[in-house]
Amino acid sequence: MKGMTAGNFIREIVESDLRSGKHRRIVTRFPPEPNGYLHIGHAKSICLNFGLALEHGGVCHLRFDDTNPSTESVEYAEAIQADVRWLGFDWGDRMFYASGYFEQLYEYAVELITKGKAYVDSLSAEEIRQYRGTLTEPGKNSPYRNRSVEESRDLFARMRAGEFKDGAHVLRAKIDMASPNVNMRDPTMYRIRHVAHYRTGDQWCIYPTYDYAHPISDAIEGITHSLCTLEFEDHRPLYDWFLDNVSVPSHPQQIEFARLNLSHTVMSKRRLLELVGKGNVNGWDDPRLPTLKGLRRRGYTPEAIRAFCEHIGVQKRDGMVEMALLEHFIREDLNKLSPRVMAVLRPLRVVLENYPEGRVEEVDAVNNPEDPGMGKRKVPFSRVLYIERDDFREAPPKKFFRLAPGQEVRLRYAYIIKCVGVVKDDRTGEVVELRCTYDPETRTGGPQAGRKVKGTIHWVSASHALDAEVRLYDHLFVKADAGDIPEGQDYTVNLNPNSLERLTGCKMEPSLAGAQPGSRYQFERQGYFCLDSDSALGKLVFNRTVALRDSWAKIEKAQQDG
RNA sequence: UGGGGGAUCGUCUAGUGGUAGGACUGCGGACUUUGGAUCCGCAUACCCAGGUUCGAAUCCUGGUCCCCCAGCCA
């Protein structure tokens, strides 16, 4: 058992709390702010929070941390719900909003003022910054810090009533301006914002900050384990301070873990927003993006993403997971479940000189050798075919087991053919057609079917082929660490100019005619592909989810390097 | 220079005083009508220095390096 799964120190804490009786049932929460789309980094948190609850008979809440109306919207909130569901998790009727607690939050704030533990400050934002001190120097008290309880209560009520302009006053916790932890230097609890909130409308013009709203919301919901990322470690004393100084029903435990970093991509909301905004990618669901929408369109399965999240574990040290690991999990999943199909991406015409004109045979093709239950299909074979340009070399390098002048190769599920002639364009010298002969005895199932040839290639009958567009994707960034930028340059210098390659005029076997958007296939010898939503009747567009491992590519590269 | 965290193969991750294990990647081989899949093998790690101990990745001491924090963002 040990060593089979990656470490998860939070799981150990949860299990220990259950064992000791500290909690009878755990309650976690996934608390996104509806101001952006979810990415695979969020998936780690979702799998952690929902997964832990599921494993231990607890529950997990979905809670929108919507305390900043200027950046939030229903569109985001709805997209987030769709993504969480797609990932495979269900919050049942436990969907909450920090904005749903605005009234209680207000009352608790009044409680704090009454206890002399919060006050209305009338310094400007700039002055507050100056009074805060620095990392090495203590801050100093605001001149308003000792305002009477009555005055603060009155001012706070008038803030709520809308008597003041944005920024005129702020409610602050009265803690310690000399604390070495700057988060404890009288943090802001409420600010005035005359902005409509996507859920509460114009009901409020003061909004609580994260630091204040989050612990209280957790406590109201009876969260047992409040999981967040490392950068909030410094905020934990503040989280605890609010819960200790206000009459909330419970005191959740905040535990911090390292956020996910993935190689060759970016994960920050700011950068994702920039890439979309500047048109470096085509929208939030661009298949090159690590967004859940992007990964879904790319053809990733929720199962693969969940397996990945389980494998990487949960810990406090920050690192960077290689994209290759994610790719491993999607290959593993798709290998089991994708029907195989033949598709020629860069077609080269082949004419079988000794195959009767007008004759068509139907050959049997296995849908998935990993799963015989997926059955077989018929694929038409005829005199004129397309093969992959890459599967022919006029001057074959060593270990090239495909087609070359005078050489034989097997056509998958069909015959062994031999290249007897090469037709070139007179002007450019480009190979435009291959003249071949076929060996009629070697058809799969035929008398000479067992004859050994070095290689097997895929093909499509020219007259039966379906035209398609195929989009090949590569890493969005050329450097593993997209943030590793030369002095004075922008991170966009690391963008991979070849992250998207569009192929048109690709030739597909006819069984793909009725394919539905979202359906996944393995194109034999090439990779896993998924029918894109840009497809229409009679217009096929495929995304390459991930290429098959390609050992020939490695041999060839080694030959070139050596 | 204040405070809070963290250091195990290239990457992710086990180990909690007793042979440093797994996964990914890489390399080699077997098999193969997908150069896929599968199987087998190889390589590579305890941040450093002292100490305690029969024995230290683990305990102690002292260093080093990395990350986060000075929003009325979350």
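None of the values given here were measured: they were computed from a predicted structure. Lettering of chains follows the sequences in order, A, B, ..., and the numbering in each one begins at 1.
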> In terms of base orientation, is B:rG22 syn or anti, with the syn window spanning 90° either side of 0?
Replying inline: anti
Please tabulate the protein-to-nucleotide N/O contacts below 3.5 Å involving nucleotides 36-41 of chain B, giving atom names and distances.
residue	atom	partner	partner atom	Å
B:rG36	OP1	A:S551	OG	2.9
B:rG36	N2	A:E370	OE2	2.9
B:rA37	O2'	A:N335	ND2	3.3
B:rA37	O2'	A:E370	OE1	3.3
B:rA37	O2'	A:E370	OE2	2.9

> If we take the C1' atom in both B:rU13 and B:rA7, what is their distance in whole Å?
Replying inline: 14 Å
> Step by step, would you call A:K269 with A:N35 a side chain to side chain donor-acceptor pair (under 3.5 Å)?
Replying inline: CA-CA 9 Å; A:K269 259 178 199 173; A:N35 70 346; 2.5 Å; yes
> For the pair made of CZ in A:R377 and P in B:rU34, what is the distance, rounded to whole Å?
Replying inline: 14 Å
> Between A:D439 (CG) and B:rU33 (P), how many Å, whole number?
Replying inline: 16 Å
>> Can a side-chain donor-acceptor contact be found between A:Y97 and A:D65 if the only test is distance below 3.5 angstrom?
In response: no
>> For a quick test of reading the model: is some side-chain N or O of A:K399 closer than 4.0 Å to OP1 or OP2 of B:rG35?
In response: no
>> Is there a side chain to side chain donor-acceptor pair (under 3.5 Å) between A:R520 and A:T545? Walk through the geometry before answering.
In response: CA-CA 9 Å; A:R520 306 177 177 96; A:T545 308; 6.0 Å; no
> Nearest to the side chain of A:T444, which nucleotide is it out of B:rG35, B:rU33, B:rC72?
Replying inline: B:rU33
> So A:Y300 and A:D333, side chain to side chain donor-acceptor pair (under 3.5 Å) or not? Walk me through it.
Replying inline: CA-CA 9 Å; A:Y300 270 78; A:D333 196 28; over 6 Å; no
Sequence neighbours excluded and cut-off under 3.5 Å, please list the side-chain donor-acceptor pairs for residues 156-163 of chain A, or say none.
residue	atom	partner	partner atom	Å
A:R158	NE	A:E163	OE1	2.7
A:R158	NH1	A:D154	OD2	3.2
A:R158	NH2	A:E163	OE1	3.3
A:R160	NH1	A:E103	OE2	3.2
A:R160	NH2	A:E103	OE1	2.7

> Going through the checks in order, is the ring-ring contact (aromatic ring centres under 6.0 Å, His included) test met by A:H235 and A:Y239?
Replying inline: CA-CA 6 Å; A:H235 295 237; A:Y239 183 97; over 10 Å; no
> When all nucleic acid strands are considered with a 4.0 Å heavy-atom cut-off, which category describes A:A449: base, sugar-phosphate, or nothing?
Replying inline: base
> Roughly, in whole Å, what's the span from CD in A:Q254 to P in B:rA74?
Replying inline: 15 Å
>> Using the side-chain heavy atoms of A:W552, tell me which of these nucleotides is nearest: B:rC69, B:rC72, B:rG35.
In response: B:rG35
> Under 4.0 Å: is that the gap between some side-chain N or O of A:R63 and OP1 or OP2 of B:rA74?
Replying inline: no
> Rounded to whole angstrom units, what separation is found between the CG atom of A:L227 and the C1' atom of B:rA74?
Replying inline: 16 Å
> Pick from A:N335, A:I330, A:L337: which one makes a side-chain contact (heavy atoms from CB on, under 4.5 Å) with A:Y528?
Replying inline: A:N335
> For RNA chain B, which ranges pair as stems of 3 or more consecutive Watson-Crick or G-U pairs, with both donor-acceptor distances under 3.5 Å?
Replying inline: B:2-7 with B:64-69, B:10-13 with B:21-24, B:26-30 with B:38-42, B:47-51 with B:59-63
>> I'd like the P distance from B:rC9 over to B:rG15, given in whole Å.
In response: 16 Å
>> If I pick the C1' atom on B:rA43 and the same atom on B:rG26, what distance separates them, to the nearest angstrom?
In response: 8 Å
> Expressed as a whole number of Å, how far does the P atom of B:rU38 sit from that of B:rG51?
Replying inline: 49 Å
> Starting at the 5' end of RNA chain B, which residue's closest nucleotide do you reach first, A:S124 or A:V453?
Replying inline: A:V453
> Is A:E388 paired with A:R525 through a side-chain N to carboxylate O contact shorter than 4.0 Å?
Replying inline: no
> With a 3.5 Å cut-off and just heavy-atom distances, do the side chain of A:T456 and the base of B:rU34 make a donor-acceptor pair?
Replying inline: no
> Could you go step by step and tell me if A:H197 and A:F102 meet the ring-ring contact (aromatic ring centres under 6.0 Å, His included) rule?
Replying inline: CA-CA 12 Å; A:H197 185 281; A:F102 280 172; 5.7 Å; yes
>> Work out how far the P atom of B:rA49 is from that of B:rC65, and round it to whole angstrom.
In response: 16 Å
>> For a quick check of understanding: with a heavy-atom distance under 4.0 Å over all strands, which category does A:L171 fall into, base, sugar-phosphate or nothing?
In response: nothing
> Which is true for A:E524 with a 4.0 Å heavy-atom rule: it touches a base, it touches only sugar-phosphate, or it touches nothing?
Replying inline: base
>> Is any side-chain heavy atom of A:F96 closer than 4.5 Å to one of A:F64?
In response: no
> Any side-chain donor-acceptor pair under 3.5 Å between A:E231 and A:T229?
Replying inline: yes
> Does anything in residues 174-190 of chain A reach RNA chain B, meaning a heavy atom under 4.0 Å, and if so which residues?
Replying inline: A:P180, A:V182, A:T188
>> Listing request: all salt bridge (Lys or Arg N to Asp or Glu O under 4.0 Å) pairs with a residue in residues 317-332 of chain A, at least two apart in sequence or in separate chains.
In response: none
> So what does A:R132 hit on the nucleic acid, given a heavy-atom distance under 4.0 Å: a base, only sugar-phosphate, or nothing?
Replying inline: sugar-phosphate
> Quick one: is B:rG35 close enough that its OP1 or OP2 comes under 4.0 Å of any side-chain N or O from A:K454?
Replying inline: no
> If you measure only the distance, is there a donor-acceptor pair under 3.5 Å linking the side chains of A:S122 and A:R147?
Replying inline: yes
>> Between B:rG21 and B:rU8, how far apart are the two C1' atoms, rounded to whole Å?
In response: 11 Å
>> Give me the distance, rounded to whole Å, that separates B:rU58 from B:rU19 when you measure between the P atoms they each carry.
In response: 14 Å
> Yes or no on salt bridge (charged side-chain N to carboxylate O under 4.0 Å, His left out) for A:E233 and A:K316, after CA distance, side-chain angles and deciding distance?
Replying inline: CA-CA 10 Å; A:E233 241 160 352; A:K316 285 182 94 86; 3.1 Å; yes
> Base, sugar-phosphate, or nothing for A:N8, non-hydrogen atoms under 4.0 angstrom?
Replying inline: sugar-phosphate
> For B:rA74, does either OP1 or OP2 sit under 4.0 Å from a side-chain N or O belonging to A:T67?
Replying inline: yes
>> Taking the basic N atoms (NZ, or NE/NH1/NH2) and the acidic carboxylate oxygens, is any pair closer than 4.0 Å for A:R393 and A:E556?
In response: yes
>> Work out how far the P atom of B:rU16 is from that of B:rG10, and round it to whole angstrom.
In response: 23 Å
> With nearest nucleotides of RNA chain B determined for A:H214 and A:R402 from heavy-atom distances, which residue corresponds to the more 5′ nucleotide?
Replying inline: A:R402
> Taking protein heavy atoms under 4.0 Å as touching, what does nucleotides 4-12 of chain B look like 5' to 3' if B marks base contact, S marks sugar-phosphate-only contact and - marks none?
Replying inline: SSSSB-BSS
>> With a cut-off of less than 4.0 Å, is there a side-chain N or O of A:R270 near OP1 or OP2 of B:rA74?
In response: no
> Hey, are A:R443 and A:E361 close enough for a salt bridge, meaning a charged N less than 4.0 Å from a carboxylate O?
Replying inline: yes
>> Rounded to whole Å, how long is the line connecting atom CZ of A:F257 with atom C1' of B:rC68?
In response: 15 Å
